[in-house]
Amino acid sequence: METFSEQPEPDIVKISVLHEESIIVGFHLTDYWIKDLISNFPASTYVIITDTNIASIYLEKLSNRFESELNRAKKSNVPVPRFLTYSIPPGEQSKSREIKGEIEDYLLSKACTRDTCIIAFGGGVIGDLVGFVAATFMRGVPFIQVPTTLLAMVDSSIGGKTAVDTPHGKNLIGSFWQPKRIYIDIIYLETLPERQFINGMAEVIKTAAISDESDFVNLENGVESIRNAVLKPKKEFPFQGTKIETRTSGQSLLLSVIVGSAKFKAHVVTHDERESGLRSLLNFGHTIGHAIEAILSPELLHGECISVGMIKEVELARSMGHLNQVAVGRLLRCLSNYGLPVSLDEKKVLDLTGEKFCTVDKLMDIMKVDKKNRGDLKRIVILSGIGKTYEQNATWVSDSAIRKVLSPSIIVHPNVISSSSQTHVNMTTPGSKSISNRALVLAALGKGTCRLKGLLHSDDTQVMLNALIDLEGAKFEWEDDGETLVVNGGGGNLKVPNKEIYLGNAGTASRFITTLCTLISPETITDTNKHTIVTGNARMKQRPIGPLITALRENGSQIKYLETEGCLPVEILPNKQRFRGGSINLAASISSQYVTSILLSAPYANEPVTLKLTGGQVISQPYIDMTIAMMESFGIKVERLEGDVYRIPQGFYKNPEVYVIESDASSATYPLAIAAITGITCTLPNIGSSSLQGDAAFAVNVLRAMGCTVTQTSTSTTVKGPPIGKLKPLPEIDMETMTDAFLTASVLAAVANNQEGGSKECITRITGIANQQLKECNRISAMIDELTKFGVKASELSDGIQVYGIQVHGTRIESLKGPAEGVHCYDDHRVAMSFSVLGCVVPDGTIICDKKCVEKTWPSWWDVLESKFGFNLDGLDLKSQREDLLTHKDISVSSDNFQDFSIVFIGMRGAGKTSLGKACAKALGRKFIDMDDHFETVLSTTLPEFIKTQGWDAFRTKESELLASLLKTHSTGCIISCGGGIVETESSRDLLKKFTKEKGKVIHITRDIEEIIKYLNEDTVRPSYEENIHDVWKRREEWYKECSNYEYHLLTAEKVNNDNIDPSEWKLIQRDFFRYLKFITGQTVNNIDTLNKTKSFFVSLTYPNISPSLKDIPIITQGVDAIELRVDLLVQSDSQKFEDLDYISYVSHQLALIRRSSTLPIIFTVRSKGQGGKFPDSREKDMFKLLEYAVKWGCEYIDLEIGSSEDLILNLIKNKGYSKIIASWHDISGKMKWNSEEARNRYKIAEKYGDIIKLISKAESINDNLKLQEFIQTLSSKNSKSIIAINMGTEGQLSRVLNQFLTPVTHSLLPSKAAPGQLSVCEIHQALHLIGQLPKKKYYIFGTPISHSMSPTLHNAGFKVLGLPHFYDIFESKDVSAVKPIIEDPEFGGASVTIPHKINIIPYLDEISEHAKAIGAVNTIITKTDENNKRKLIGDNTDWLGIFHSIKDLIEIDSNTSALIIGAGGTSRAALHAVNQLGVNNIYLYNRTLENANILVKEFPTYGIQPLTSLSNSLPISPKIIISTIPATVANLDIPDELFNSGKGGVSVEMAYKPRRTKFLEKSESMGWHGIEGIRVLIEQGIFQFEKWTGRRAPKELMEEEVMKKYNL
Ligand SMILES: NC(=O)c1ccc[n+]([C@@H]2O[C@H](COP(=O)([O-])OP(=O)(O)OC[C@H]3O[C@@H](n4cnc5c(N)ncnc54)[C@H](O)[C@@H]3O)[C@@H](O)[C@H]2O)c1
Ligand SMILES: [Zn+2]
């Protein structure tokens, strides 16, 4: 081979596009392309435009070459052309009109003319942007593409599409402009970041998948060498690859792949330059992929979204019957082997996208806007095979088919029409997983080539295959459309892999691979690869592998558990001993896979192996027999001796030329069971009586016994079921030899019918399946739980399950009902498939959640149900429904069940865990478990007793064990309160940490340590500490923090116990804690209402310590919507250290103080010095630690400085939970101008990271405020995020006046302004009024008699304190028509309406709100201007809101709660509506004239109202709520004692407010009820009026105070 030190003339490939050979591909082309360009495209100026990333790597060298070539080529008489370069910031943000303008300005400033040649040197961003510049500059100048990313090489540089993005969408402005040349120098890929390379591979794989199977095969087989050629190029000498003969095989392959892809794109472009038919094929994966991208960009890259899109689109093709599973599996594996995601549930995707998720509704919505749609049809490229499409262009596909594929869950509808006894289904089932897995290992270990046919294509076998590839144990290649796997056996030479072997949840692989890893020889150790780590997903890490490891260790292998004893992950150290062999003892009563694992590797041990199985009964003997039989097919004969002893000779497996894998017998049970349950006939040609698999006996031993007709040959099976409902129960069936089939049998047993009837029981008892408790999930309890949901009775046996046939209970199949929340599948394919069998006869359909879990063994199962058996399936996305739920504000706590993961409380003893735990368990409808009580119950002892006799260590160990089992058995639906010392042991800490990782919540309850000490000194019940409590706290504090993902600071000086604590304080504690829980579980996110508010404000607290000023908080927060805690301004002491836990506790305490005095949402801000705050700029990590705490503390808003390090930012965003991010930029220098590129870039960055954008600059003149307004109008289009944009300084005050959303405000009581120029709410309103933005309005009360009304006092007080210019007056009239001129006055702002006009005002109004309609009365008039600027009068009702909110927090309401309403006038209507809205279903209504009561009963037919004739009798359900709506002056009613029969804690509401105390109230309170005075309700409803009128938060405390002052006169 020739080598070069000088660069030789390169070998190139030319590709023609649009009939010109303008694409040139090769390696090391720099010199070549510069020459080619200069000689073929003479110009006066050459301009290279690139991005700064690329410039920093290549530009200097490139410029030198270019200039010297220009000089060299100089022609006499002609001046040397100019050479210019220009770099722009990298990234998609640069593809903008602004940057385009910037480039154009540059070109113009350099006096570039029409004979300029522009070179786009970079990725797709540069290509698209620079192409567009070239297209329009001087009406178009020549342009050259030098692509440097893979995506650009194979896709974006070819075709002449150019574009820029706008805030309205990507690529919306652009043109077609063909480059004169495209120079593809593959060498540039060597510096491309790995993720960008993988991103480009998506398009390469896409092209092969639609165009050329042989290209695809190259990709499949070339993963390693293509990846290495780019990511780890081996360079033996400079310029390697320039000439064909010097190319590595990887380089050649890479070149051919790129050429193949580019050629196809060029071909399509040539034949179809403007979008249509052929070109639409390139859209494969893009219809769905783009929708995903719209949601998940920028977290996911284009290619990554397309990769998932392709998978969804081939699944669609498969479900339409155009594509087989082999092809789907091949594409899936190919994509994932290159490192692309194939599902949005993958860990790496979730890590990147955090809380963002794609609901099906969202995806469908986005696809809906595509202009190419036709009604309910969308265009999607449908494959018919690898390299082939179903049509010559995209295919029309229905929305419902797409929805089905996208949905995570599925509904199975029974098929009434085609399942008749005549129906005969003939089908083959997937290959056996057990046989496939064994065959893979055998052939890999063997010598020679073996063709495996009928191999199962599944996650499990893929995991096994990947592990074997990782170990470099053999070479694999696919043939015949993927039907055949060619294995080139490596003869047992395995290498230490260069990464962890990750096995997902594939149990078989975990067992087989572990032993295999002990065969690795120490010679293969390298500096970086020293040992083998075998690991899996969370569930895998709970599955046992202990007995196998023990046996291997005893045999000399060095294996270490890395997390939990007895489970993966393990680390295996290669050593001389390797797998020593000789005599091995193995406990085989848990899994036969241990035995198989040792058997398979045994021939390669250092000595012949004698394997002795111990531990009693050997489980699943047939699987062991299968292994032995298969080993024999590969040339090794195992000898079975007496008493479970096996002797395995040493040797190599000899690979047979071909090995055919039989159908999976467990999978075969499902179609056969469908025949059994529906009465049809089903034949499977690939499994019969000669099968080695235990489950193959299912047809004969189970189905025949249940009443089916079964015919079997040695290789085929046919089952015909009895008519529906005629299956018989199996009183006793031992399924030990076919344990996996027990789930199938259980669902059949559920519909079994004991034909003899009478006294005979109808129970199926399945035994011999104890091992099923340790499978993907505890399958026995899973089956019991899920069957129960259908109303089927089932229970556990010591080693099995018993199922009661539904028909004997007098129920019939027709009345079976699937669970509304769906069948939970526990990520277990067998649970899913079994219940889909049952679903075949459930009349209203059965929801199976998480349909994807069948992919483990039968990815096309759902398609088979439809296409083979004719069932109808629908897609369902429970997450979409959950999102809908979340957008409704104020969902009551008890209705929540979607986030029912148990919540664990930890913290010091005495912190309040038990009291809070009990209270919140009650409120959330959960079960409360106190670990200490649990301990005492389980061990039948007391803690002091146990500790006295066994000691602390034994206690801690036991405690940890109990925690482990509790977290397993009670992982949902509970509140678990742990003992204070739970964090003392590492094992418990690990358990807690693991729980938080699996999305469980562990809340650390903190409380001031001095308070705790005070409390503990009084406590004598619990075992006392033997050490100082301060020391205990010091030791544990860090542990508590690392074990918890949430933290709540309990603020009280009292002993926390609802019997001791002052009830009013306890109420405040509960209120705050429930708010906290509702927030962190996402039930009520307490966000600022942006819909009904025209303006909102937040006040910045600038105190160093809030404590002394707490009393001011209600005043300071008047009219504001949120409170900003400026953490950087807090001062605990002069010497505070930001990294100290003491400081964190101080912040947490301050937060708790604010929470105690206000329920407003909190904005948590740590402002750095550089951004105008006090937090040291050098302490970025500490800043983010605080922000992470803000999430733990449940702060509603968190301020994030966008100038911080990106990894910190992304990490925060990923973990932000329900907190919203305010992405902020404060330019305190004032250099940032609003019309500059900088401002736009800051905006874009803030938009990327934040839920809310906050940009602050400084005004030098009033003009800067106008520029700011312009900026906002151009950038924030309709659907973009809320923005806070302000200029600091006095000159900037106008911007504060005009800002709409969350304007920061100050208050005169605060120690200082948070920023220069800050105004108060009152000042802002006054200013708005003066500049004509807030005209004065008049408000009234209409009715009579109203001269003593409190309303004017109430509202005018509110207007005044907020600085609103409005006035509220009385307008008294008997005749409603008198109000007409008033409400027509343009100054009219709104009115309160009272007796006697509440009903007859209605005809004067334009619209009536829903609630007012329901009530049939109006008490509030609101004015609104519609989109045509026409003023509208809207009638609303706030009376009911006043009643509703007065009661809501005082009482819990369930289906047995009843309420009594007294009186049947206008107010009574509001009272009825209020209790109805509270959820009360039993309402008694009493009125002196029964007729009037009856009228209301008729008017509110759905409210469950029962009229009463008298009040003297006690009622069937004693009311817990009584509302009196009769004027106190008319009848000061005496209510009989019996009405208070429901006991203490009821609520009485008096609607009359003159006099203040009525007999009714006095009586109620003497009976231990809460009495609500009429004046309170009046104020409450008035507050709602005020807020509806002004769009501002009412200064409630003050308004109330003013009214009470006057009222008490
Ligand atoms: N015109 C078309 O037909 C077409 C087709 C597909 C995509 N596109 C467009 O292409 C754009 C995406 O292109 P992209 O994926 O190439 O992104 P890109 O241009 O942003 O490049 C990706 C990143 O890699 C860096 N980079 C590029 N080459 C490098 C190298 N050789 N070494 C080191 N770093 C390098 C860049 O600086 C950038 O940070 C999108 O805007 C998309 O709309 C256009
Ligand atoms: Zn694309």
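Every value quoted in this text rests on a predicted model; they were computed, and no experiment measured them. Atom set for the values below is all heavy atoms of this structure, side chains included, hydrogens, waters and symmetry mates excluded.
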Any donor-acceptor pair under 3.5 Å linking the side chain of N555 with the backbone of R580?
yes
Heavy-atom side-chain contact between T518 and I559 under 4.5 Å:
yes
For the residue pair N1211 and D1207, confirm or rule out a side-chain donor-acceptor distance under 3.5 Å.
no
In plain terms, say whether R779 and D828 are close enough for a salt bridge, that is, a side-chain N and a carboxylate O under 4.0 Å apart.
yes
Between the main-chain N or O of C974 and the side-chain N or O of S902, is there a donor-acceptor pair closer than 3.5 Å?
yes
Is it the case that the side chain of S557 and the backbone of R553 share a donor-acceptor pair, with hydrogens and angles ignored and the cut-off at 3.5 Å?
no
Determine whether C567 and R543 make a side-chain contact, defined as any pair of heavy atoms from C-beta on separated by less than 4.5 Å.
no
Side chains of T610 and S583 only: does a donor on one sit below 3.5 Å from an acceptor on the other?
no
Flag, side chain of S601 to backbone of I598, donor-acceptor distance under 3.5 Å
no
If you measure only the distance, is there a donor-acceptor pair under 3.5 Å linking the side chains of S988 and T985?
yes
So does E472 pair up with K495, basic N to acidic O under 4.0 Å?
yes
E1042 side chain reached by R989 side chain, heavy atoms, under 4.5 Å:
yes
Do S436 side-chain atoms and L456 backbone N/O form a donor-acceptor pair below 3.5 Å?
yes
For the backbone of I769 and the side chain of Q772, can you confirm whether one donor and one acceptor N or O come within less than 3.5 Å of each other?
no
Can you label the angle between the F955 ring and the W952 ring as parallel, tilted or perpendicular, going by 30° and 60°?
perpendicular
Going by atom types only, do S666 and D695 share a side-chain donor-acceptor pair under 3.5 Å?
yes
Between Q693 and E662, is any side-chain donor less than 3.5 angstrom from a side-chain acceptor?
yes
Got K994 and K541 here, is their nearest side-chain heavy-atom distance under 4.5 Å?
no
Short side-chain to backbone donor-acceptor contact, T739 and E736, under 3.5 Å
no
Cation-pi check, R330 to W478: give yes when NZ or CZ is under 6.0 Å from the six-membered ring centre and within 45° of the ring axis, no otherwise.
no
Can you say whether the rings of F634 and Y653 are parallel (under 30°), tilted (30 to 60°) or perpendicular (over 60°)?
perpendicular
Check ion pair E1038-K1041 (N to O, under 4.0 angstrom)
no
For S521, check side chain to side chain contact (heavy atoms under 4.5 Å, CB included) against everything at least two apart and list the hits.
E523, T524, R578
Locate the shortest heavy-atom distance separating L573 from H531; write the atom from each residue and the value.
CD1-CB, 3.7 Å
So M735 and D740, do their side chains get closer than 4.5 Å, heavy atoms only?
no
Taking atom types as modelled, is there a side-chain donor on T596 or R511 under 3.5 Å from an acceptor on the other?
no
Got a sec, which residues hit side chain to side chain contact (heavy atoms under 4.5 Å, CB included) with A605, two or more places apart in sequence or on another chain?
F579, V609
I'd like to check Y561 versus E571 (side-chain heavy atoms, cut-off strictly below 4.5 Å). Are they in contact?
no
Taking atom CG of L352 and atom CG of L1210, what is their separation to the nearest 0.5 Å?
9.0 Å
Are any of the side-chain heavy atoms of L452 and L440 separated by less than 4.5 Å?
yes
Does S597 reach the main-chain N or O of Q593 with its side chain, forming a donor-acceptor pair under 3.5 Å?
no
